[in-house]
There are 2 protein chains.
Amino acid sequence: MSDVFQALAHPVRRAVLKRLRSGPLSAGELADAFPVSKPTMSRHFQTLKDANLIRAERSGTTIRYRLNVTVADEAIAMVMDMLGRDGRDEDDSSEGNST
Amino acid sequence: MSDVFQALAHPVRRAVLKRLRSGPLSAGELADAFPVSKPTMSRHFQTLKDANLIRAERSGTTIRYRLNVTVADEAIAMVMDMLGRDGRDEDDSSEGNST
DNA sequence: GCGCTAATTAGCGTCAATGCTAAATAACAA
DNA sequence: TTGTTATTTAGCATTGACGCTAATTAGCGC
C-alpha cells in the first residue's frame, strides 16, 4: 500500500491521473503535457504501474495508459479506515458545541 | 498536498495515525509501540505535523499528539477528485466487465 | 535488412528520506 | 541549582527518488 501513497506523493503523477480521467492517453501525449523529459515521464508511468494505479496497453508502436479506478478506490477506503471517517467508529465526543 | 501523501507513504506513520484514532497519545507511548528509536519516531511526528495530519499539545513534560481529521478529509476528497469518484453514482451495475 | 517513430532502459549526478547514537532542550521536583 | 524524565535536534551513513542525456528495444513500412 505504501506504493500507492508514494505514487500519489508526486504532483506530476497526480496530474497524470487527473488527465487519465477523461480516457486513455498514449505515453507521448502525456509526456507532451508536462515540462519534463520523456524518460522521466516513463519512470513516472512505471511508478504508477507499480502502484497499480494505471494499466498499459500496446496499440502498435504507441502504448496507451488507462486509469485503474479499482486500486484508487481501495486507497480511498484505506485513508478512510485510517482516519475512521467511514461512519462506524464515531467518537462519542458529540459536536454539540456551539460557537 | 504532496506533503500529505508523502506522510501517508510510510507504514509507521500510517500506523501512528491509526493508533491516534482511539484518542491522543504521548510521543513516548507512540514510540513505545514501534520498533524504531525515539528520535526516529520524533521525526515521523514532525513529518505528520508538517502535513497537518496531527497536532501536538504540551501537557507538562509530555507532548500529546492528536489526529487532525480535517486535513485527512481533504486528502480523501483530493483522491476522489483525482479519480473522478466524488460520490456521484455514475457507474451503474450495468458495467459489462468481462476481465 | 534499413529507416523511422514511440517508448523504455542504462548510466550518472543531486537531493531528500530513513535510521541510528549522542547531545541538547523543556518541564518538574527536591 | 541539580537531578530526572520526556522529547527533540544535531550529526552521520545508507538508500531511494528525481531529473537529465544517450543508447536500446519494439513495431511498422519500404
Side-chain angles (χ1 to χ4, degrees), chain A residues 1-20 23-68 71 75 79 82, chain B residues 1-20 23-68 71 75 79 82:
Chain A
M1 238 321 168
S2 294
D3 292 338
V4 175
F5 291 114
Q6 188 64 50
L8 258 31
H10 198 286
V12 166
R13 289 192 292 260
R14 288 202 299 274
V16 166
L17 292 177
K18 266 198 166 172
R19 283 194 175 248
L20 252 31
L25 288 170
S26 71
E29 286 170 325
L30 284 168
D32 202 55
F34 296 94
V36 292
S37 67
K38 282 173 199 293
T40 296
M41 288 303 289
S42 185
R43 179 174 294 193
H44 283 312
F45 300 151
Q46 192 59 49
T47 302
L48 289 167
K49 265 196 292 183
D50 287 347
N52 247 292
L53 284 165
I54 62 173
R55 270 174 295 180
E57 308 169 21
R58 247 221 146 85
S59 287
T61 55
T62 72
I63 293 183
R64 246 190 313 177
Y65 285 107
R66 173 190 307 274
L67 202 58
N68 187 7
V71 171
V79 178
M82 198 156 24
Chain B
M1 238 321 167
S2 295
D3 292 339
V4 175
F5 291 114
Q6 188 65 47
L8 258 31
H10 198 285
V12 166
R13 290 192 291 260
R14 288 202 300 275
V16 165
L17 292 177
K18 267 198 165 171
R19 283 195 173 246
L20 253 30
L25 289 170
S26 72
E29 285 170 324
L30 284 168
D32 202 55
F34 295 93
V36 291
S37 68
K38 282 174 200 292
T40 296
M41 287 303 291
S42 185
R43 181 174 293 194
H44 283 311
F45 300 150
Q46 192 58 49
T47 302
L48 289 167
K49 264 195 295 184
D50 288 346
N52 247 294
L53 284 165
I54 62 174
R55 271 173 295 177
E57 308 169 20
R58 250 223 142 84
S59 286
T61 55
T62 73
I63 293 182
R64 247 189 313 180
Y65 286 107
R66 173 190 308 273
L67 203 57
N68 187 6
V71 171
V79 177
M82 201 157 17

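Here is the naming used below: chain letters follow the sequence lines, and residue numbers restart at 1 for every chain. A quick note: this is a predicted structure, and the numbers were derived from the prediction, not measured.
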By a strict heavy-atom criterion of less than 4.0 Å, which residues belonging to residues 53-64 of chain B are in contact with DNA chain D?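 Heavy-atom cutoff 4.0 Å gives B/T61, B/T62, B/I63.
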
Whole Å only: how far is the [atom1] atom of [X] from the [atom2] atom of [N]?
X	N	atom1	atom2	value
A/H10	D/dA17	NE2	C1'	8 Å
B/H44	D/dT7	NE2	P	16 Å
B/Y65	D/dT7	OH	C1'	8 Å
A/D50	D/dA17	CG	C1'	13 Å
B/F45	D/dA6	CZ	P	14 Å
B/R43	D/dT14	CZ	P	16 Å

What distance do A/T47 atom OG1 and A/L53 atom CG have between them, rounded to the nearest 0.5 Å?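 The CG atom of A/L53 is 10.5 Å from OG1 of A/T47, to the nearest 0.5 Å.
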
Can you see whether A/F34 has A/R19 sitting over its ring - NZ or CZ less than 6.0 Å from the centre and within 45° of the normal?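 A/R19 over A/F34 ring: yes.
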
So A/N52 and A/D3, side chain to side chain contact (heavy atoms under 4.5 Å, CB included) or not? Walk me through it. CA-CA 9 Å; A/N52 247 292; A/D3 292 338; over 6 Å; no

Going by side chain to side chain contact (heavy atoms under 4.5 Å, CB included), B/Y65 matches just one of B/L25, B/L20, B/V16, B/L17. Which one?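 The single option meeting the side chain to side chain contact (heavy atoms under 4.5 Å, CB included) with B/Y65 is B/L20.
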
Output, in order, the C-alpha distance, side-chain angles, deciding distance and verdict of side chain to side chain contact (heavy atoms under 4.5 Å, CB included) for A/F45 and A/L30. CA-CA 10 Å; A/F45 300 151; A/L30 284 168; 3.6 Å; yes

Please assess B/R64 against B/R58 for the test side chain to side chain contact (heavy atoms under 4.5 Å, CB included), listing each intermediate value before the final yes or no. CA-CA 6 Å; B/R64 247 189 313 180; B/R58 250 223 142 84; over 6 Å; no

Applying the side chain to side chain donor-acceptor pair (under 3.5 Å) test to B/S2, which of A/R13, A/H10, A/R14 qualifies?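 Testing B/S2 for a side chain to side chain donor-acceptor pair (under 3.5 Å) against A/R13, A/H10, A/R14 leaves exactly one candidate, A/R14.
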
Could you pick out which residue, A/Q6 or A/S37, lies toward the 5' side of DNA chain D when each is mapped onto its nearest nucleotide?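 The residue mapped nearer the 5' terminus is A/Q6.
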
Given DNA chain D, 5'-ward residue of the pair A/V36 and B/G28, judged by closest heavy atom: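 Closer to the 5' end of DNA chain D: B/G28.
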
Of all nucleotides in DNA chain C with an atom under 4.0 Å from a non-hydrogen atom of chain B, which is the first and which the last going 5' to 3'?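 Answer, 5' to 3': C/dT18 to C/dC28.
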
Counting any heavy atom closer than 4.0 Å, what does A/T47 reach on the DNA or RNA strands: base, sugar-phosphate only, or nothing?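 No contact at all - A/T47 keeps every heavy atom at 4.0 Å or more from the nucleic acid.
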
Can you tell me how the ring of A/F5 sits relative to the ring of B/F5, calling it parallel under 30°, perpendicular over 60° and tilted otherwise?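 Judged by the thresholds at 30° and 60°, the geometry between A/F5 and B/F5 is parallel.
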
Carefully, step by step, assess B/T62 and B/S59 under the rule side chain to side chain donor-acceptor pair (under 3.5 Å). CA-CA 5 Å; B/T62 73; B/S59 286; 5.0 Å; no

I want to confirm an ordering. Mapping B/A9 and A/Q46 to their closest nucleotides on DNA chain C, which one lands closer to the 5' end?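 Whichever sits nearer the 5' end wins; that is A/Q46.
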
As a test of reading the structure: which of D/dT9, D/dC18, D/dT7 is closest to the side chain of A/R13, going by heavy atoms?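 Closest nucleotide among those given: D/dC18.
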
